[in-house]
Amino acid sequence: MRKIEKKRLGDLLYETGMISKDQLEWGVQEQKRSGKRIGEVLVEKGIITEKDILGALEFQLGIPHIDLDRYTIDYNIASKVPENIAKRYKVVAVGIDDNKLKVAMKDPLDMFALDDLKLSTKMDILPMIASGAEIEKLIGQIYASAKTKNIVNEVEKQIQEEVQKKAQQEAEENADAAPMIQLVNNIMQRAILKGASDLHIEPFEFYVRIRYRVDGQLHEMTRAKKETLNAITTRIKILSGLNIAERRLPQDGRMSKNVNGQQVDLRVSILPTIYGEKTVVRFIYRTGNNFELQDLGFHPEDYDKIINLLKNPHGIILVTGPTGSGKSTTLAAALKVLNQDHVNIITVEDPVENMIEGINQVSINTKIGLTFAATLRSILRQDPDIIMVGEMRDAETSSIAIRAAITGHLVLSTLHTNDAASSIARLVDMGTETFMVGAAVKGVISQRLVRKICPSCRQRHSVTSTEEMIYKIKAGTEVYKAKGCSACNQTGYKGRLAVHEVLVVDSYLQDVISGGKLTSEEMKEEAVGRGMRTLWDNAYYNVLQGKTTMEEMLRIAYEQ
């Protein structure tokens, strides 16, 4: 890399013909007026793009460009740059070459930044060009991780100084102490910023492990000394309104947090274990999701089937699958399709996870007797056209929902079953007469979530003969394998998609159900014979489309 010339960015852009003389003069004046850098001013005005700036610097000055989304960052090296310097100049240390610190910079011509970096790190600096957005994203991750470690150390130090106090007093006082407040806030904030669905605080014999779940997989965030457990748990109990003195029985609570303007509901579960209380916090993003039905990954044939199911004026449509399989998201997307000015839609949920404008949504509260069944009875007196029941948990709720479906209402609900066909047997097991199930049920959507392969690092792969026997995909077929990069946290996967099977209850299947003569397996065979694509079929389809992997497809088979 040749030596950087001390040239202003505006002059460089002018010399390369990217901006005119008038634009340069305007940019200089606007820079003086706003206090911003000239590059920011020109980009905001739309005269150039950030990509133009990166290209000009790389071509004219020979400063290498680095794509941080595809680069694995060593956090120990990155932390050599103080947080205030990194944020002030938008820089991230990415490596060390011959005792020189390689630094990704938004503006590698900023001599003040280069001087401050050299002074603060006591190393010579090798600048590289990177996108400002990528740098800001990494800065948040790098220093949040370091901050957590520092807070953990501070908490542990404080706990050690107070070991002679009584256990209960220690827990209460430490829960209100500033370091503990910071620690609990920090671990929750980090999990939310990563889009986690759950946070786990797990006690073991000599330490406390803190993990978060993203895309269905748990990742370790940090570990703390065992002595911090009571204070962490007590702090969370205080926030969620639980009994801090009760440590022998499970407890459930709720709270809310606002993180970067995003409102999040937190459902807290405390469970006594042999090494202390384990805490699991589930994050429910109150802003809901922006998914439309067509965005949920349905096979085109299945999408058409669901649209036709939703046109039914009455009957019941079920969405089935295990906990965390995206049933609520599918229901919310279906409700958006049904949400019209001329229909009255009321939902009863535990809790309301997706706020939808124009729909009356009720959150149950079992402590005061506001159960699914009790609320459903009241809803039927509210002249509804469409009812959504968050979950049919018991015989009473399912009976009311079935009767509502038969008497002129369209009802949407969920069940916990392994596949679409077994939902019919589940309703019968809950005490509903077979003829009522046959008359009411119009269709069942069963679904699972699979991890989406990371588009940044996926690798083409030709199916081997051994894999053909395992995955039932013809040898030589081109698919994709997961690899792992910084964009996907080295997992090879980024995000999730749903795979479905859609059972449409036509007049023939209605008679079969009413007769009650077929087992779930036989019912599934009948449905497949009448055109139902199974979960495996749709997972197979997504593998061939390059959206997921054979390994994820196989996991679907074991979950059924």
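Residue Glu357 places its CD atom among 12 or fewer non-hydrogen atoms of other residues, nucleotides or ligands, all under 6.0 Å distant.
In this structure, Glu467 pairs ionically with Lys481, as a charged nitrogen and a carboxylate oxygen lie closer than 4.0 Å. Classification of Glu246 and Lys237 as a salt-bridged pair fails, no side-chain N sitting under 4.0 Å from a carboxylate O. A salt bridge does not link Glu134 with Lys137: every distance from a Lys NZ or Arg NE/NH1/NH2 to an Asp or Glu carboxylate oxygen is 4.0 Å or more.
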Exercise. Between Ile387 and Ile346, does a side chain to side chain contact (heavy atoms under 4.5 Å, CB included) hold up when you go through it step by step?
Worked result: CA-CA 5 Å; Ile387 302 168; Ile346 306 179; 5.5 Å; no

Problem set entry | Derivation and outcome, side chain to side chain donor-acceptor pair (under 3.5 Å), residues Ser423 and Thr417 | CA-CA 6 Å; Ser423 300; Thr417 57; 2.9 Å; yes

For this session: For the pair Asp511 and Ser514, evaluate side chain to side chain donor-acceptor pair (under 3.5 Å) and give the outcome as yes or no after the intermediate values.
Result: CA-CA 5 Å; Asp511 291 340; Ser514 299; 5.4 Å; no

For this session: Could you please spell out the steps behind the side chain to side chain contact (heavy atoms under 4.5 Å, CB included) verdict for Leu415 and Met430?
Result: CA-CA 11 Å; Leu415 274 178; Met430 293 173 74; 4.2 Å; yes

Problem set entry | side chain to side chain contact (heavy atoms under 4.5 Å, CB included) evaluation trace for Ile181 with Arg235 | CA-CA 7 Å; Ile181 293 173; Arg235 178 62 191 166; 3.7 Å; yes

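Legend: residues meeting side chain to side chain contact (heavy atoms under 4.5 Å, CB included) with Ile274, ordered by chain and number and at least two apart, are absent. For His219, the ring pair (Phe, Tyr, Trp, His ring centres under 6.0 Å) test picks out Tyr212, with sequence neighbours left out.
Just one of Met550, Gln545, Arg458, Arg460 meets the side chain to side chain contact (heavy atoms under 4.5 Å, CB included) condition when paired with Val479; it is Met550. Residue Arg209 forms a side-chain hydrogen bond (donor to acceptor under 3.5 Å, both in side chains) with just one option from Glu202, His200, Glu220, and that option is Glu202. Applying side-chain hydrogen bond (donor to acceptor under 3.5 Å, both in side chains) to Asn538 and the options Arg533, His299, His500, Gln447 leaves one that passes, Arg533.
Looking only at atom types and distance, the side chain of Thr534 has a donor-acceptor partner in the side chain of Asp537 under 3.5 Å away. Judged purely by distance below 3.5 Å, without hydrogens or angles, the side chains of Ser446 and Asp419 never pair a donor atom with an acceptor atom. Between Thr548 and Tyr480, the side chains place no donor N or O within less than 3.5 Å of an acceptor N or O (distance only, hydrogens not considered).
In this structure, the side chains of Pro272 and Pro250 come closer than 4.5 Å at one or more pairs of heavy atoms. Taking the side chain as every heavy atom from C-beta outward, Ile359 and Thr347 approach each other to under 4.5 Å. Annotation: side chain of Thr414 is not in contact with side chain of Thr320 (no heavy-atom distance under 4.5 Å). With a 4.5 Å cut-off on side-chain heavy atoms, Leu199 and Val280 do not count as touching. You'll find the side chain of Tyr493 reaches within 4.5 Å of the side chain of Thr549, heavy atoms only. Between Val389 and Leu376, some side-chain heavy-atom pair lies under the 4.5 Å cut-off. With contacts defined as side-chain heavy-atom distances shorter than 4.5 Å, the pair Cys485/Cys454 qualifies. In this structure, the side chains of Ser256 and Val264 stay at 4.5 Å or more apart for every pair of heavy atoms.
No donor-acceptor pair under 3.5 Å is formed between the side chain of Thr233 and the backbone N or O of Asn230. In terms of modelled atom types and a separation under 3.5 Å, the side chain of Asp506 and the main chain of Tyr508 share a donor-acceptor contact. Not one N or O on the side chain of Gln217 forms a donor-acceptor pair closer than 3.5 Å with the backbone of Val214. Counting only distance, with no hydrogens or angles, the side chain of Gln251 and the backbone of Asn243 share a donor-acceptor pair below 3.5 Å. Side-chain atoms of Asn308 come within 3.5 Å of backbone atoms of Asp304 as a donor-acceptor pair (strictly under, hydrogens ignored). The backbone N or O of Pro322 sits nowhere less than 3.5 Å from a side-chain atom of His416 that would complete a donor-acceptor pair.
Within the structure, the salt bridge (charged side-chain N to carboxylate O under 4.0 Å, His left out) test picks out the following pairs touching residues 383-392 (sequence neighbours left out): Glu391-Arg393.
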